[in-house]
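Keep in mind that the numbers below use all heavy atoms, side chains included, and drop hydrogens, waters and symmetry copies. For clarity, every value in this text was computed on a predicted model and none was experimentally measured. Reminder, nothing fancy here: chain letters follow the sequence lines and each chain counts from 1.
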Protein chains: 2
Amino acid sequence: MDKSAHLFLENQLCFPIYATSRLITRLYKPYLNEIGLTYPQYLVMMVLWQEDSIKVSAIGDQLLLNTNTITPLLKTMKQKGLLQKIKSTTDERVTVIELTKSGQDLKIKAAEIPQKMQYDSQIPSEELDQLRTGMWKMLKYLQE
Amino acid sequence: MDKSAHLFLENQLCFPIYATSRLITRLYKPYLNEIGLTYPQYLVMMVLWQEDSIKVSAIGDQLLLNTNTITPLLKTMKQKGLLQKIKSTTDERVTVIELTKSGQDLKIKAAEIPQKMQYDSQIPSEELDQLRTGMWKMLKYLQE
DNA sequence: CTTATTTTTGTCGTGCACGATATAAAGATA
DNA sequence: TATCTTTATATCGTGCACGACAAAAATAAG
C-alpha cells in the first residue's frame, strides 16, 4: 500500500474537523456580533452561566484552554463590563471570576441564538453545504 | 422547555468540534515540528503534494480559507524554501504556486507521520482521553 | 525554620483566521 | 475607445491559541 495515500485531505479525519470548526464559528459570528461577543468569549460565558464564581483554571478545564489564552480573554470581557475578577481571600494565588448583572442578563439574548439560527434562511446555502460535507466526512470516519 | 438548556457546553455540538480541532493540532505539533511545519502549513503542503502548480485561490478552495490567510502562509513557506510563486503569463492577476525540490522531498518524511502517531506511546494519555471524549460527543450528536 | 517544589495566574512573542479594504489586471458595456 | 464591473491577489488590523517563561503564594522536605 502506498504510504503517501494518507496525505490526501479526503483520507484524513483531521482536516474535516479543522474546517468544520471554522465553518461553525463563521455561522455563529453574525448572531454573536448582535450581542457583542466573539465565539471564544461566548464559550467562556456559557461556562459562567452554568456555574458562576469559579476559578480561572476551572474555566480552562472545561474549555481545554490554558491561562495564557483565557487571561487576555477575561481582560477584554471585564472591559466590556461582563464580569469582574476577585482575588480569593483563602488562597491569594486564586482569581475568582464573577458575572456582573450585565453579564447575567446577556444569557437571555444568547438563549435565542440556537433557535434563530435554526429558522434563519439568510445563512448562505454555500456555507451550509460546506458544513454538511464536513459533517458527513466526520461521520463517515467515526463510524468506521 | 427551558431555552437556556441549549447554553450548556454539553448540549451543543459546536464546542466538542472546536475543542477536538485544537486537540488534533496539539497531537500533530511534535511530529510536524520535526519536519519544520505548522499544522496549516502541513495542510497547504498536502494540497500541493496532491496537485502541484496550482493557483492561490485553488488552495483556498480546498482548505476553505481566504487569500488573506493563505498569502502570508505562502510567504513564510517560500522563505523556508518549500515553494516558489510564479506569475501566470496568460493572466497576470494569477499567481501559481510550485513546490521546490525540497518541498517535494518533504512528502516522504510527512508520509511517516500517521504511522508514527498511531504507534507512539509517548502521547500523553490525558490528551488522548480528551480527544476520545470529544470524538464521542461528536459521534453522539451526529448519529441523532 | 529554611529551602525546595508545586500551584495558580500572568506576560510575551509567533502564527494563524478573518473582516474590511486596496490594487491591478481582465473582461464587459456604452 | 473610455469607463464600469468583475476577478485574483495582497495588505492591514484585531483577536484568538499556545509555547516559553516569569512571579508570587502555598505546600513539602530537610
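Taking atom CG of A:Leu73 as the reference point, atom P of C:dT9 lies 15 Å away to the nearest angstrom. To the nearest angstrom, C1' of D:dT14 lies 13 Å from CG of A:Asn33. Between the C1' atom of D:dG15 and the NZ atom of A:Lys78 lies a distance of 20 Å, rounded to the nearest Å. Rounded to whole Å, atom C1' of D:dA17 lies 13 Å from atom CG of A:Leu64. The separation between B:Leu32 atom CG and C:dC16 atom P is 11 Å, rounded to whole Å. The CG atom of B:Leu65 sits 17 Å away from the P atom of C:dG15 (whole-angstrom rounding). Note: CD (A:Gln41) to P (D:dT14) measures 15 Å, nearest angstrom. Residue B:Ile24 contributes atom CD1, which lies 17 Å from atom C1' of D:dC18 at whole-angstrom precision.
The existence of a salt bridge linking B:Glu34 and B:Lys29 is excluded, since no basic side-chain nitrogen approaches an acidic carboxylate oxygen closer than 4.0 Å. Between B:Lys107 and B:Glu112, no side-chain nitrogen of the basic residue sits less than 4.0 Å from a carboxylate oxygen of the acidic one, so the salt-bridge criterion is not met.
Among the candidates B:Leu73, B:Leu82, B:Leu74, the single residue satisfying the side-chain contact (heavy atoms from CB on, under 4.5 Å) test with B:Gln41 is B:Leu73.
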Listed pairs, N/O of protein and of nucleotides 25-29 of chain C, under 3.5 Å:
from   : atom 1 : to      : atom 2 : distance (Å)
C:dA26 : OP1    : B:Glu92 : N      : 3.2

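Looking at heavy-atom distances under 4.0 Å, B:Ile70 makes no contact with the nucleic acid at all. Nucleic acid contact for B:Lys85: sugar-phosphate only, since backbone atoms but no base atoms lie under 4.0 Å from a heavy atom of the residue. Within 4.0 Å (heavy atoms only), B:Thr69 reaches at least one base atom of the nucleic acid.
Nearer the 5' end of DNA chain C, as judged by each residue's closest nucleotide, is the contact made by A:Ala58, out of A:Arg22 and A:Ala58. Along DNA chain D, the nucleotide nearest A:Asn68 and the nucleotide nearest A:Pro40 are compared for position; the residue whose nucleotide lies closer to the 5' end is A:Pro40. If you find the closest nucleotide of DNA chain C to A:Arg26 and to A:Lys55, the one lying nearer the 5' end belongs to A:Lys55.
Considering only side-chain N and O atoms, A:Ser57 lies under 4.0 angstrom from the phosphate OP1 or OP2 of C:dT9. For B:Thr38 and C:dC16, the shortest distance from a side-chain N or O to OP1 or OP2 is below 4.0 Å. Under 4.0 angstrom from either OP1 or OP2 of C:dA17 there lies at least one side-chain N or O belonging to A:Tyr18. Contact check, A:Lys87 against C:dT8: no side-chain N or O comes under 4.0 Å of OP1 or OP2.
For A:Lys29, taking side-chain heavy atoms from C-beta onward, the closest of the listed nucleotides C:dG10, C:dT8, C:dG19 is C:dG19.
Contact annotation: side chain of A:Thr67 to base of C:dG10, donor-acceptor pair present below 3.5 Å. Not a single donor-acceptor contact under 3.5 angstrom links the side-chain atoms of B:Asn66 to the base of C:dG19.
Side-chain contact between B:Leu27 and B:Leu23 is absent, with no heavy atoms from C-beta onward closer than 4.5 Å. You'll find the side chain of A:Gln104 reaches within 4.5 Å of the side chain of A:Asp52, heavy atoms only. Within the 4.5 Å cutoff, no side-chain heavy atoms of A:Tyr42 are placed close to those of A:Thr38.
In this structure, A:Ser53 contributes its side chain and A:Glu98 its backbone to no donor-acceptor pair below 3.5 Å.
Between A:Tyr18 and B:Tyr39, the ring planes lie perpendicular to each other; the angle is over 60°, past the 30° to 60° tilted range.
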